[in-house]
Chemist: 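Here you go, one structure.
All chains are named by letter (A, B, ...) in the order of the sequence lines, taking the proteins before the strands, and each is independently numbered beginning at 1. Quick caveat: nothing in here was measured; it's all calculated off a predicted structure.
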Protein chains: 2
Amino acid sequence: MTTGEIDESFGGVTPDAARRLLLGAVQAFAQRGFHATTTRDIAGRAGMSPAALYIHYKTKEELLFHISRVGHERSVAVLEEAVEGAADSAERLAHAVRAFVRWHAEHHTTARVVQYELAALGEEHHAQIVVLRRRSEEILRQVLEDGVRAGEFDIPDIRGTALAVMSLCIDVARWFSPQGRRTPDEIGELYADLALRMAGHRAAGVTSSSG
Amino acid sequence: MTTGEIDESFGGVTPDAARRLLLGAVQAFAQRGFHATTTRDIAGRAGMSPAALYIHYKTKEELLFHISRVGHERSVAVLEEAVEGAADSAERLAHAVRAFVRWHAEHHTTARVVQYELAALGEEHHAQIVVLRRRSEEILRQVLEDGVRAGEFDIPDIRGTALAVMSLCIDVARWFSPQGRRTPDEIGELYADLALRMAGHRAAGVTSSSG
DNA sequence: CTGTGCGCTGAGCGGCTGCTTAGCCATCCA
DNA sequence: TGGATGGCTAAGCAGCCGCTCAGCGCACAG
């Protein structure tokens, strides 16, 4: 079972029925995809009749948009908090990757909807989400740029490397399973080290300095 | 348009109608997902009536299985060919990542079906595909293990790093677009360098020794 | 010229789709 | 006590789903 955990990202949603529908939709969308999920399935998971869905959300797509928006806002906030108050760029990068990876592992059900159901959004909603996504890319690129300028990193292609680090973190949502051999914390730790290596950080996790 | 290119992976499929159905299904599955794709859509893309599909394939799921099997076999073959005849582990890793990434970029439509529609396979078909996927993981892990043993790489967590490199390559299928600013070759080159850095290869793409 | 088989189609089956509507019932304010 | 309000449901609409089947036209063997 990959949907055993509940997602506190939507804890503040009221009324209670609207939140239950949101949680049901997250699980259903993650399991089957947006287009293949029926409103009857979502309503059933929330313990309600299909018609009740339309009291709280105008359409099925609006439900996806709410999930996508809250999910993106949450993951961007996680990134922003992570890079605050770090001593240097290396620490900022490590914190950012650790936090971003942990979010994608711990909330892999939500993260799957966030990362893989973008194409199902309506045109206008999609545009709003893209703005949020650009923000997280910029945060990461800024960390790498600062690190290069400070002489901490050695990166020939900053934009490409930022995209690759981002991509590495995002893909955690695809393969992570709570039944797997690693915890979100362990993966975050490993990936922070790998990101420092990708950034050409001199001391990055090298187990021996010269052999 | 993300489905402009045709995929030569299925060039050998006969008869012609079966191949056209396969190509139509690849495009439809990649765009909308398996569950949301209708047999009428697939048949329409192949220029045939819905009923014709069932002359060549027993069910819609069998069509997905064919795509998934051929796609996995092809990507594993690409990996195997890449690691052959390289001088050392660093070259083997670079070749492997370059080839695997290029395949996922050039055949991103097929690759999306291969990587993101596994859950739609029937139980037995899924089991067959998992065998193929394990093979590609093993190839990459072996390259890293050999490199560590030879003193070329410095990797604290070989299994985790192999998974991460794999994950990095696979995610290319999610974000790659022919309209983007990078060609499959350029991405392959960048990612080969990043993989060497992740493996702790001493000379990996460091642009200057001190600044 | 007939007969056989193959690739294919039009029509259609039972069932499910997103969404709407009419109306029920508990709650709350006057 | 009465009437309005809001959350909810049963029933249902028009249309689409995967898949089947009878039958058509064409290539080819005799």
Chemist: Using a strict 4.0 Å threshold on nitrogen-to-oxygen distance, state whether Glu186(A) and Arg181(A) make a salt bridge.
Modeler: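 Salt bridge between Glu186(A) and Arg181(A), a charged N being under 4.0 Å from a carboxylate O: no.
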Chemist: Knowing that exactly one of Val143(A), Val97(A), Ile139(A) qualifies, which makes a side-chain contact (heavy atoms from CB on, under 4.5 Å) with Leu79(A)?
Modeler: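 Among the candidates, only Ile139(A) passes.
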Chemist: Does any pair with a residue in residues 33-54 of chain A pass ring-ring contact (aromatic ring centres under 6.0 Å, His included), and if so which ones, sequence neighbours excluded?
Modeler: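 Residue pairs with at least one partner in residues 33-54 of chain A: Phe29(A)-Phe34(A).
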Chemist: Ignoring hydrogens and angles, tell me if any N or O in the side chain of Glu62(B) forms a donor-acceptor pair with the backbone of Lys58(B) under 3.5 Å.
Modeler: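 A pair under 3.5 Å: yes.
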Chemist: Below 4.0 angstrom, N of the basic side chain to O of the carboxylate: do Arg197(B) and Asp193(B) qualify?
Modeler: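 Yes, charged N to carboxylate O under 4.0 Å.
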Chemist: Would you please name every residue forming a ring pair (Phe, Tyr, Trp, His ring centres under 6.0 Å) with His66(B), sequence neighbours left out?
Modeler: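 Counting only residues at least two positions away or on another chain, His66(B) forms a ring pair (Phe, Tyr, Trp, His ring centres under 6.0 Å) with Tyr57(B).
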Chemist: Starting at the 5' end of nucleotides 7-13 of chain C, put B wherever the base has a protein heavy atom under 4.0 Å, S where only the sugar-phosphate does, and a dash everywhere else.
Modeler: -BBB-B-
Chemist: Would you mind reading off the distance between Arg32(A) atom CZ and dT17(C) atom C1', rounded to a whole angstrom?
Modeler: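 Checked: the CZ to C1' distance equals 13 Å.
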Chemist: Among Leu53(B), Thr39(B), Thr38(B), exactly one meets side-chain contact (heavy atoms from CB on, under 4.5 Å) together with Lys60(B). Which residue is that?
Modeler: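 Exactly one candidate clears the test, Thr39(B).
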Chemist: Within this structure, what is the CG-to-C1' distance between Leu63(A) and dG18(C), rounded to whole angstrom?
Modeler: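 Atom CG in Leu63(A) sits about 13 Å away from atom C1' in dG18(C).
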Chemist: Taking 5' to 3' order, which nucleotide of DNA chain D is first and which is last to have an atom within less than 4.0 Å of a heavy atom in chain A?
Modeler: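 Range of nucleotides within reach of chain A: dC8(D) to dG12(D).
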Chemist: Using the rule side-chain hydrogen bond (donor to acceptor under 3.5 Å, both in side chains), only one of His72(B), Arg174(B), Arg133(B) pairs with Gln115(B); which is it?
Modeler: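 Running side-chain hydrogen bond (donor to acceptor under 3.5 Å, both in side chains) over His72(B), Arg174(B), Arg133(B) with Gln115(B) returns exactly one hit, Arg133(B).
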Chemist: Measure all distances between protein nitrogen or oxygen atoms and nitrogen or oxygen atoms of nucleotides 22-29 of chain C, and list the pairs falling under 3.5 Å.
Modeler:
none

Chemist: Return the set of residues passing salt bridge (Lys or Arg N to Asp or Glu O under 4.0 Å) with Arg74(B) (not counting sequence neighbours), or none when no residue passes.
Modeler: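 Result, salt bridge (Lys or Arg N to Asp or Glu O under 4.0 Å) vs Arg74(B): none returned.
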Chemist: When you check the side-chain N and O atoms of Glu152(B) and His201(B), is any donor under 3.5 Å from an acceptor?
Modeler: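 Side-chain D/A pair, Glu152(B) to His201(B): absent.
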Chemist: Would you kindly give the NE2-to-P distance between His35(B) and dT17(C), to the nearest whole Å?
Modeler: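 That distance rounds to 12 Å.
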